[in-house]
Amino acid sequence: MSQLPSISFVRFAVPKKGTVLLLSAEGAELAETAAALDPAKVLERATAVAEFKGKFGSTVELLAPQETNLDRLVAIGVGKVSALDEHAWVKLGGVIATTLRNAGEVTVLLDVPGAATRGREAAELACGILLRSYVFDKYKTRKDDNGKAEAKKPAKITVQTADPAGAKKAFADMQAVVDGALLARDLVNEPANVLGPVEFAARAGELAALGVKVEILTEKEMKKLGMGSLLGVAQGSSRGARLAVMQWNGGKAKDKPIAFVGKGVTFDTGGNSMKPASGMEDMKGDMGGAAAVVGLMHALAARKAKANVVGIIGLVENAVDANAQRPGDIVTSMSGQTIEVLNTDAEGRLVLADALWYCNDRFQPKFMIDLATLTGAIMVALGQLHAGLFSNNDELAERLSEAGRQTQERVWRMPLGPDYDKLLDSKNADMKNIGGRYGGAITAAQFLQRFVKDTPWAHLDIAGTAMGAPGNEINQSWASGFGVRLLDRLVRNHYEG
Ligand code: BES
Ligand code: MN
Ligand code: ZN
């Protein structure tokens with residue numbers, strides 16, 4: 001991961017050097033703290049000349065303003081004060097990150113007349129700065145255009161606020177979640193030659209340092225458990241298969257855990273039903289679900305969430321060698337149900353079938369939520385701005401939708417039902433692993449539902465949102481870390497204490 005800026009919170013004082021960022025709302029006066037700056041008058045003229053109106057995300061910049069020692073003075077529009085909801089502050093942090101460039105010392109005056117700018121808002125702003133500052137450049141040996149190998153120095157950012165103590169406290173908590181999201185991005189961005197099932201499992205194992213209990217099941221143990229569905233996918237690869245079981249026990253001892261299950265296909269060639277060459281490189285991200293689960297476990301453990309949480313990820317590489325699974329093969333899943341594998345590229349559901357069954361069987365969780373880059377069809381249906389949400393439980397679905405609105409990791413509920421389920425019936429086995437030509441995201445979800453019994457369950461198809469989604473205020477990287485902030489929020493809202 002690239003070097004992120006460091007952020008601290010202090011009381012208001014007139015800054016004397018470095019870069020100063022001040023916030024300006026639409027149709028409002030400058031805050032007194034900003035007006036007290038030496039070059040405030042010049043800035044007022046400059047904003048007028050630039051026809052700066054304080055629109056969200058717009059900026060005006062003064063370089064080396066006369067009679068001061070400041071390097072830059074930047075006004076940043078925050079839009080209408082009435083529109084400043086929680087996510088606006090995170091996004092604003094993202095905007096701030098774009099104005100940093102090579103600045104060393106940066107002071108942000110968090111003062112907007114009429115708006116709440118307490119600890120929480122300051123911390124949200126800081127989160128946005130970090131999320132946007134992330135770049136995946138560990139394999140770039142030349143960091144800048146001049147061919148110099150040295151990375152630019154990270155900015156030292158001081159946020160001036162009326163509530164530094166509150167900001168520090170709120171940020172300590174939120175930073176755990178940012179770290180989790182950035183960990184998920186790192187895992188998804190990492191190429192498959194570096195990160196196979198074994199290496200991914202080792203990364204999950206590192207959560208032990210935060211007090212997470214981690215068990216790694218090998219092929220041998222999975223074979224004993226009867227996980228023929230998951231192992232069938234892995235059998236064409238020399239990289240092995242793993243199932244990582246993570247437990248964070250921050251809740252009451254007798255409380256049933258909540259559970260998150262992730263698809264961790266470290267590379268998806270499609271197997272014998274091979275994918276076309278064009279765009280296949282994106283399949284290094286086919287473990288985005290598993291990455292989100294690891295990122296979430298990191299977040300919950302690092303902020304010591306008061307909840308009992310299980311995370312399970314099925315790790316395989318879907319590759320092709322002489323031993324690879326063939327179309328028409330019939331495998332027996334841990335549940336005992338048999339599956340006719342008509343397309344070896346519909347492999348994620350085969351991995352999840354055993355992971356979900358194992359999770360339910362061993363932990364009897366309060367609910368299970370799985371995350372998977374499962375189908376191209378969900379991108380056809382929803383584009384890349386909502387993940388597909390499928391659930392057998394209205395309350396859980398509504399809670400996820402709410403968390404999605406709050407974090408802007410948005411989900412959109414899709415239908416399930418017996419008529420769709422029928423499309424999976426097979427002549428030769430209990431089911432086949434693909435439905436018909438249409439509704440591919442739905443039949444995939446229907447397949448998963450056959451492995452969850454009556455446990456409240458939700459499936460998030462994140463094929464469109466976990467990677468390659470259009471950049472936004474808080475992410476410019478290929479991998480988004482989608483799911484970490486969403487699910488942390490779900491846990492925070494309903495399952496702690
Ligand atoms: N990993 C893919 C889905 C995917 C596609 C994720 C594009 C991200 C971007 C999945 O394993 C897959 O290949 N699904 C097939 C299912 C089909 C064979 C029924 C698909 O969506 O085409
Ligand atoms: Mn596939
Ligand atoms: Zn896949």
Side-chain angles (χ1 to χ4, degrees), residues 188-189 192 195-197 200 229-230 232-237 239 241 261-292 313-320 324-329 339-355 370-388 390 414 420 423-424 426 431-448 459-470 478-480 482-483:
V188 172
N189 279 322
L195 200 70
F200 196 117
S229 182
L230 183 152
V233 178
Q235 77 188 26
S237 167
R239 309 279 301 265
V261 179
K263 167 179 174 181
V265 176
T266 58
F267 195 80
D268 181 11
T269 66
N272 271 311
S273 315
M274 176 79 52
K275 285 185 183 299
S278 159
M280 201 203 274
E281 65 276 11
D282 285 355
M283 289 302 110
K284 73 172 184 176
D286 209 17
M287 24 54 72
I313 54 179
L315 300 164
V316 301
E317 181 179 60
N318 189 22
V320 214
Q325 162 161 267
R326 295 142 292 253
D329 283 6
I339 304 161
E340 185 178 23
V341 180
L342 290 184
N343 190 319
T344 63
D345 196 13
E347 85 297 342
R349 62 198 75 180
L350 297 171
V351 173
L352 288 172
D354 281 337
D370 77 74
L371 299 100
T373 49
L374 204 63
T375 68
I378 200 65
M379 301 159 81
V380 176
L382 297 178
Q384 297 196 280
L385 302 176
H386 283 83
F390 301 83
M414 302 280 289
Y420 288 112
L423 299 173
L424 294 167
S426 153
M431 70 194 88
K432 49 191 185 184
N433 75 330
I434 50 172
R437 188 165 146 74
Y438 300 118
I442 306 174
T443 46
Q446 239 19 106
F447 182 94
L448 299 180
H459 157 58
L460 298 173
D461 193 336
I462 59 171
T465 52
M467 58 208 186
W478 180 69
S480 65
F482 186 97

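In listed order, ligands and their atoms are each counted from 1.
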Need the ligand 1 atom indices (1-based, order shown) with element for anything under 4.0 Å from a heavy-atom of [X].
X	result
Ile434	19 (C)
Lys263	1 (N), 10 (C), 11 (O)
Glu347	11 (O)
Thr373	1 (N), 2 (C), 3 (C), 6 (C)
Asn343	18 (C)
Asp268	1 (N), 2 (C), 10 (C), 11 (O), 13 (O)

Hey, does the side chain of [X] reach the backbone of [Y] with a donor-acceptor pair shorter than 3.5 angstrom?
X	Y	answer
Ser480	Ala466	yes
Asn272	Pro327	no
Asp461	Leu374	yes

Among Glu281, Met283, Arg239, side-chain contact (heavy atoms from CB on, under 4.5 Å) partner for Phe267: Met283

Within the structure provided, determine whether Thr465 and Leu460 are in side-chain contact (heavy-atom separation under 4.5 Å). no

Can you check whether Met467 reaches Lys284 side chain to side chain, under 4.5 Å on heavy atoms? no

Can you tell me if Asp268 has an N, O or S atom under 2.8 Å away from the Mn ion (ligand 2)? yes

Before you tell me yes or no, could you show the steps for Thr344 and Val320 under side-chain contact (heavy atoms from CB on, under 4.5 Å), namely the whole-Å CA-CA distance, both residues' side-chain angles and the distance that decides it to 0.1 Å? CA-CA 10 Å; Thr344 63; Val320 214; over 6 Å; no

Top protein contact for [atom], by heavy-atom distance:
atom	value
atom 16 (C) of ligand 1	Arg349 NH2, 3.9 Å
atom 7 (C) of ligand 1	Met283 CE, 3.7 Å
atom 8 (C) of ligand 1	Met467 CE, 3.4 Å
atom 10 (C) of ligand 1	Leu374 O, 3.2 Å
atom 20 (C) of ligand 1	Gly376 N, 3.9 Å
atom 15 (C) of ligand 1	Asp345 O, 4.0 Å

Nearest to the Mn ion (ligand 2), which N, O or S atom of Glu347 do we find? OE1

Is the shortest N/O to N/O distance between [X] and ligand 1 below 3.5 Å?
X	answer
Asp286	yes
Ala463	no
Thr375	no

I'd like to know whether Asp286 forms a salt bridge (Lys or Arg N to Asp or Glu O under 4.0 Å) with Lys263, so could you lay out the CA-CA distance, the side-chain angles of the two residues, the decisive distance to 0.1 Å, and finally the verdict. CA-CA 8 Å; Asp286 209 17; Lys263 167 179 174 181; 3.1 Å; yes

To the nearest 10 degrees, could you say what angle the Zn ion (ligand 3) makes with OD2 of Asp286 and OE2 of Glu347? 100°

Can you give the angle Lys263 NZ - the Zn ion (ligand 3) - Asp268 OD2, rounded to 10°? 170°

Reported NE2-to-CE distance for the pair His386 and Met414, which is rounded to 0.5 angstrom: 12.0 Å

Before you tell me yes or no, could you show the steps for Ile339 and Arg349 under side-chain contact (heavy atoms from CB on, under 4.5 Å), namely the whole-Å CA-CA distance, both residues' side-chain angles and the distance that decides it to 0.1 Å? CA-CA 11 Å; Ile339 304 161; Arg349 62 198 75 180; over 6 Å; no

Mind running side-chain contact (heavy atoms from CB on, under 4.5 Å) on Val188 and Met287 for me, showing each step along the way? CA-CA 7 Å; Val188 172; Met287 24 54 72; 4.0 Å; yes

Evaluate the side-chain contact (heavy atoms from CB on, under 4.5 Å) criterion for residues Val265 and Glu347: first the C-alpha distance (whole Å), next the side-chain angles of each, then the deciding distance (0.1 Å), finally the verdict. CA-CA 8 Å; Val265 176; Glu347 85 297 342; 3.7 Å; yes

